[in-house]
Amino acid sequence: MGLGFMVSIGEILKGRHTGKVVELRGWIYRTRTVGGKAFVVIRDATGILQATISRDAVSPEAFQAAEKALIESAVVVHGKVVADKRAPGGYEIQSDDFKVVHFAEKFPIQEDLSEEFLLDVRHLWVRSQKMTGIFRVRHTVFGAVHEYFREHGFWEVQPPMITPAGSEGGATLFEVDYFGRKAFLTQSWQLYAEALVLAMEKIYYVGPSFRAEKSRTTRHLTEYWHAEMEEAWVGMDAVIRHAEGVISQACALVAEERVEEIVALGRTPEFLKAVKPPFERMTYDEALKVLKAKGIEVEWGKDLRTLEERALTEGKSKPVIVTHYPRVSQAFYKARDPKHPDLVLGFDVIGGDGVGEIVGGSERETDLETIKKALLEQGEDPKAYDWYLDSRRFGSVQHAGFGMGMERLIQWICKLGHIRDAVPFPRTPGRFSP
Ligand code: 4AD
Ligand code: MG
């Protein structure tokens with residue numbers, strides 16, 4: 001071996017090496033021997049391909065190895081690429097040499113296994129075609145988000161992960177023992193963004209956030225990736241346009257670069273290409289009317305739950321934006337609506353298929369006394385936020401921003417039933433291993 005040149009399965013499936021002698025490295029996905037022929041389906045990071053190893057075309061040792069090797073053995077195959085309609089993907093390799101790099105033990109993942117078992121062996125399940133397809137979409141979505149903000153003049157800056165105080169309410173704070181003192185894992189870059197935005201004006205960040213969410217739902221993780229942006233001198237409208245822009249750019253790039261992956265997951269490229277701005281907008285009050293017409297009564301002031309978000313997006317192929325939420329139950333930093341002081345200039349972008357809130361954002365309150373009052377109303381001690389309040393003491397200007405759950409976005413793009421599959425090793429209330 002070593003005479004053919006090394007190729008990937010993805011390239012073969014695109015028809016780039018037909019008729020050529022190549023060498024391929026990978027893992028056995030499926031294998032069976034019929035008479036004098038071993039049909040070994042091999043996977044690499046780019047796809048799966050069948051290699052046919054005939055007893056009379058290879059050395060006796062090579063044939064024996066092909067017969068003996070179990071699923072997930074690491075192999076090198078050498079041979080000629082031929083187009084064959086009967087083979088999965090339309091191509092196969094007619095092997096003239098075959099080598100096993102590592103004989104795998106009996107692989108624990110066979111057919112029809114429970115979700116719980118697959119989570120126990122997540123470190124092996126990440127090799128599946130379903131998971132690797134999602135990971136490739138995730139790669140593309142992350143790339144698109146960075147591209148969008150950089151193209152629009154935002155600086156990438158990083159907040160700390162260990163923090164002295166939260167910004168999204170005490171109930172979901174993860175406590176850390178910081179050498180005997182109490183610290184918390186970050187829920188959002190919120191407080192740091194509002195300090196940095198007065199330095200850098202247009203900023204973004206993509207990194208982990210932590211929420212001690214005890215609720216077991218199909219859309220909550222305890223550790224998730226958060227894409228956040230903050231911009232000075234603008235209000236809510238400008239950042240809503242960025243939310244629409246970044247979501248549609250991610251959808252467009254996936255529709256262009258990840259067609260096979262999303263089709264296998266049940267989304268079409270046409271669906272994603274149609275996700276263009278503007279998205280439908282309605283105020284919270286209008287949303288309550290829409291819900292009422294569907295027979296769902298929501299008491300004014302209550303947050304919208306999964307049920308309501310599902311009803312609002314029913315039959316819609318683009319996300320829906322709800323603005324002007326009641327101030328009660330909203331974070332202290334959100335700006336009052338000057339026309340209706342009981343509302344905030346805040347918004348959520350809501351995705352369909354039960355994914356719900358993908359983005360949450362707002363214009364920020366600029367008045368020092370109003371924020372202090374809001375902190376007190378929420379049972380917080382303004383002293384713990386004193387450094388943050390300096391952003392309202394030294395050159396306070398109008399600013400706005402949002403946070404987008406990357407796994408929520410990926411869950412929606414890939415039409416996943418559960419958010420845990422949007423990330424390789426999910427962290428949920430019941431599990432932090434493997
Ligand atoms: O709505 P949230 O809590 O807003 C903030 O944290 C703001 N400080 C963001 C900002 O303005 N910079 O969270 C923002 C987004 C949500 O819309 C949701 O997509 C995601 O983060 N998110 C979660 N994703 C997965 N699991 C969880 N437990 C999540 N909690 C929030
Ligand atoms: Mg929110």
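If you're wondering where the values come from, they're calculated on a predicted model, not measured in any experiment. Every number for a ligand or one of its atoms is a count from 1 in the order of the listing.
The atom name of the N/O/S atom in Glu357 closest to the Mg ion (ligand 2) is OE2.
Of the listed residues (Glu365, Glu369, Glu194), just one forms a salt bridge (Lys or Arg N to Asp or Glu O under 4.0 Å) with Arg392, and that residue is Glu194. Only one option out of Arg219, Arg122, Lys415 pairs with Asp421 in a salt bridge (Lys or Arg N to Asp or Glu O under 4.0 Å); it is Arg122.
Tyr204 has its ring centre less than 6.0 Å from the ring centre of Phe149. Taking the six-membered ring where the residue is Trp, the centroids of His152 and His242 are separated by under 6.0 Å.
At a heavy-atom cutoff of 4.0 Å, ligand 1 is surrounded by Glu168, Ser188, Trp189, Gln190, Arg211, Glu213, Arg219, His220, Leu221, Tyr224, His226, Glu228, Tyr333, Glu357, Ile358, Val359, Gly360, Arg364, Gly401, Phe402, Gly403, Gly405, Arg408, Ile419.
Annotation: cation-pi pair Arg267/Trp412 present, NZ/CZ under 6.0 Å from the ring centroid and within 45° of its normal.
Counting only N and O atoms by type, the side chains of Thr46 and Glu11 include no donor and acceptor under 3.5 Å apart.
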